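Shown next, in structure tokens, is the structure this report addresses.
Start at 1 and go down the list; that is how both ligands and their atoms are numbered. Everything numeric here is computed off the predicted structure, so don't read it as measured data.
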Amino acid sequence: MSIEITRLVAGQADFDARLDALLAWESVSDKQVNQIVDEVIARVRAEGDAALVEYTNRFDRMRASHMTELEMGQSRLLAALENLPADQRLALETAATRIAAYHERQKSESWRYTEADGTVLGQQVTPMDRVGIYVPGGKAAYPSSVLMNAIPAKVAGVQEIIMVVPTPDGVVNELVLAAAALAGVDRVFTLGGAQAVAALAYGTETVPRVDKIVGPGNIFVATAKRAVFGAVGIDMIAGPSEILIICDGQTDPDWIAMDLFSQAEHDEDAQSILICPDADYIDQVQASIEKLLPTMERETIIRTSLKNRAILIEVADLQAAAALSNRIAPEHLELSVADPEALLPSIRHAGAIFMGRYTAESLGDYCAGPNHVLPTSGTARFSSPLGVYDFQKRSSLIMFSAEGASEMGKVASVLARGESLTAHARSAEYRILPD
Ligand SMILES: NC(=O)c1ccc[n+]([C@@H]2O[C@H](COP(=O)([O-])OP(=O)(O)OC[C@H]3O[C@@H](n4cnc5c(N)ncnc54)[C@H](O)[C@@H]3O)[C@@H](O)[C@H]2O)c1
Ligand SMILES: N[C@H](CO)Cc1c[nH]c[nH+]1
Ligand SMILES: [Zn+2]
């Protein structure tokens with residue numbers, strides 16, 4: 001069965017309008033989704049565990065009668081780790097070691113300096129006390145996302161990590177539980193969607209309230225995170241996966257087709273884009289897609305994603321490709337070109353940049369080391385990969401010497417009186433030393 005994928009030529013009359021239409025993640029502003037999410041959050045806030053059990057039974061087709069059935073204890077997690085086949089355990093440990101090594105480098109340290117009069121200024125960096133990690137589980141299981149969320153939190157020194165992961169139809173993924181044990185997650189609840197986000201944000205009789213919720217998810221998760229922001233911190237809105245490949249037309253077209261599939265297979269809403277200056281090469285990739293698609297286990301999801309959201313774009317040259325990529329600000333950007341270093345300075349907005357023909361995006365999803373929780377839907381214009389910095393916060397440090405307080409007291413007094421804030425002024429003036 002052939003597949004129709006949108007093909008555009010940059011600069012053609014309707015190019016901008018068609019591109020914008022395909023980039024829009026329509027359901028983000030879907031009224032119905034917002035209504036469902038608002039109702040779920042309100043009920044979880046008001047009714048706690050009872051609402052959690054009811055929604056989990058409804059949306060994940062479970063048959064729980066009490067929250068105790070929706071928690072996986074430490075012994076269950078450890079058993080999953082101990083019973084893993086050797087190759088899976090080794091792969092999980094290798095990935096965890098590499099992710100930890102990468103994230104160790106992101107750790108910020110407290111700093112301070114001393115002025116001539118002895119006044120000390122600085123910043124104290126502290127980890128969050130308790131965080132919630134959302135691990136998606138609707139259409140696929142994501143042990144890799146357990147590691148990507150939990151390890152940076154551990155590196156930051158977070159005291160308690162609460163994980164939520166849906167188990168639709170009660171199907172539990174052993175690798176997910178094993179990854180939680182390996183990464184040192186403290187509690188695991190088999191909850192998903194907006195109800196899981198609401199429970200973490202407000203707390204229930206059983207689920208502890210957290211300080212920040214991180215992790216990717218579908219439209220219900222993304223909408224719920226947006227809604228609870230303020231009551232709790234969030235990392236970003238990480239929605240359906242995306243890949244944008246800039247290719248010079250010299251990579252094996254089968255490799256490029258499979259790289260496009262690799263993100264399309266996550267979700268019908270996922271987006272795969274190829275930008276290339278060579279029209280004949282785009283034809284070859286289209287032919288590879290037709291050839292390889294029937295061999296894919298998740299053919300139906302890939303087909304829908306490619307049909308609805310993929311774009312093959314012809315541009316004048318690689319510089320035009322980079323400019324277009326910056327406009328899209330993709331989650332993952334592959335530079336499948338002979339000299340990726342030469343193109344890199346032109347790239348301004350992307351969650352992660354995969355350089356060179358050998359660097360398949362999927363290596364980044366599992367074991368390269370950098371985080372795979374990345375900004376999607378153009379938000380790479382203003383946000384960054386999940387990292388240790390998401391779990392650390394900073395407090396300013398100020399310690400005046402008597403001399404410093406006297407000098408700055410004079411400055412503060414003038415400014416405070418300019419604002420007509422007399423208590424501020426007098427408080428500062430008390431510390432001014434007599435001449
Ligand atoms: N950006 C990243 O770093 C990253 C990483 C991994 C996965 N992802 C993306 O995360 C997403 C995961 O989505 P998923 O669906 O597989 O899992 P998910 O866990 O995000 O969503 C499943 C939950 O959605 C809720 N839900 C589903 N249908 C509902 C309905 N009609 N009404 C109310 N609630 C409903 C259910 O509670 C269910 O538990 C995919 O889009 C994938 O591409 C992103
Ligand atoms: N590509 C996803 C982020 O968009 C992460 C992932 C996990 N497993 C496979 N892929
Ligand atoms: Zn992936």
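At least one donor-acceptor pair under 3.5 Å links the side chain of E334 to the backbone N or O of E361. For the pair K212 (side chain) and M128 (backbone), a donor-acceptor distance under 3.5 Å is absent. In this structure, T167 contributes its side chain and G170 its backbone to no donor-acceptor pair below 3.5 Å. Of the possible polar contacts, one joining the E69 side chain to the H66 backbone as a donor-acceptor pair under 3.5 Å is found. A distance-only check finds no donor-acceptor pair linking the side chain of Q124 to the backbone of S110 [under 3.5 Å].
Both cation-pi conditions hold for R43 and Y55: the charged atom is under 6.0 angstrom from the six-membered ring centre and inside a 45 degree cone around its axis.
Between E299 and L293, the shortest heavy-atom distance links the atoms CG-O, 3.6 Å.
Backbone and side-chain nitrogen or oxygen atoms of P166 are examined, and none is located within less than 3.5 angstrom of a nitrogen or oxygen of ligand 1. Of the polar atoms of T376, none of the N or O atoms is found under 3.5 Å from an N or O of ligand 1, judged by distance alone. Ligand 1 has no nitrogen or oxygen under 3.5 angstrom from a nitrogen or oxygen of H266.
The distance from atom CG of D365 to atom CG of N371, rounded to the nearest 0.5 Å, is 10.5 Å. How far OG of S395 is from CD of Q123: 8.0 Å, rounded to the nearest 0.5 Å.
For atom 4 (C) of ligand 1, the nearest protein heavy atom (residue, atom name, distance) is P216 CB, 3.3 Å. In terms of protein heavy atoms, atom 37 (O) of ligand 1 is closest to Q195 NE2, 3.0 Å. The protein heavy atom nearest to atom 2 (C) of ligand 2 is H266 NE2, 3.4 Å. Looking at atom 40 (C) of ligand 1, its nearest protein heavy atom turns out to be D267 OD2, 3.3 Å.
Side chains of N34 and Q32: no donor on one and acceptor on the other come within 3.5 Å. For the residue pair Y142 and H266, a side-chain donor N or O sits within less than 3.5 Å of a side-chain acceptor on the partner.
The atoms of ligand 2 that sit less than 4.0 Å from any heavy atom of Y366 are 8 (N), 9 (C). For ligand 2, the atoms lying closer than 4.0 Å to a non-hydrogen atom of E331 are 3 (C), 4 (O). Near S241, the atoms of ligand 2 lying under 4.0 angstrom from a non-hydrogen atom of the residue are 1 (N), 2 (C), 3 (C), 4 (O). Close contacts between ligand 2 and H372 involve ligand atoms 3 (C), 5 (C), 6 (C), 7 (C) [criterion: under 4.0 Å to a heavy atom]. Short contacts between ligand 2 and S144, defined as distances under 4.0 Å to a heavy atom of the residue, involve ligand atoms 7 (C), 8 (N). Ligand-side atoms of ligand 2 in range of Q263: 1 (N), 2 (C), 4 (O), range being under 4.0 angstrom from any heavy atom. Per-residue contacts place Y142 under 4.0 angstrom from the following atoms of ligand 2 (heavy atoms of the residue considered): 7 (C), 8 (N). Ligand 2 places these atoms under 4.0 Å from at least one heavy atom of H332: 1 (N), 3 (C), 4 (O).
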Output, in order, the C-alpha distance, side-chain angles, deciding distance and verdict of salt bridge (Lys or Arg N to Asp or Glu O under 4.0 Å) for K225 and D235. CA-CA 9 Å; K225 277 173 72 181; D235 50 346; 2.6 Å; yes
E71 vs R187, salt bridge (Lys or Arg N to Asp or Glu O under 4.0 Å): CA-CA, chis, key distance, verdict: CA-CA 8 Å; E71 179 164 8; R187 293 181 76 180; 2.9 Å; yes
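Residue D365: an N/O/S atom is found under 2.8 Å from the Zn ion (ligand 3).
Ligand 1 is never approached by A270 to a heavy-atom distance shorter than 4.0 Å. Proximity of M148 to ligand 1 is not established, as no heavy-atom distance is less than 4.0 Å. Remark: distances from the non-hydrogen atoms of D269 to ligand 1 are all 4.0 Å or more. For M148, the heavy-atom gap to ligand 2 stays at 4.0 angstrom or more.
Residue contacts with ligand 1 for L374 involve N, CA, C or O but no side-chain atom from C-beta outward (heavy atoms, distance under 4.0 Å). Only the side chain of V221 comes within contact range of ligand 1, with a heavy atom under 4.0 Å; no backbone atom does. With a heavy-atom cut-off of 4.0 Å, E242 does not touch ligand 2 at all.
When side chains are defined from C-beta on, T114 does not count as touching T119, because their heavy atoms never get closer than 4.5 Å.
Among the heteroatoms counted here (N, O or S) of H266, NE2 is the one nearest to the Zn ion (ligand 3).
Distances from atom 18 (P) of ligand 1 to the heavy atoms of Y134, Y142, Y55, F220 show the closest one on Y134.
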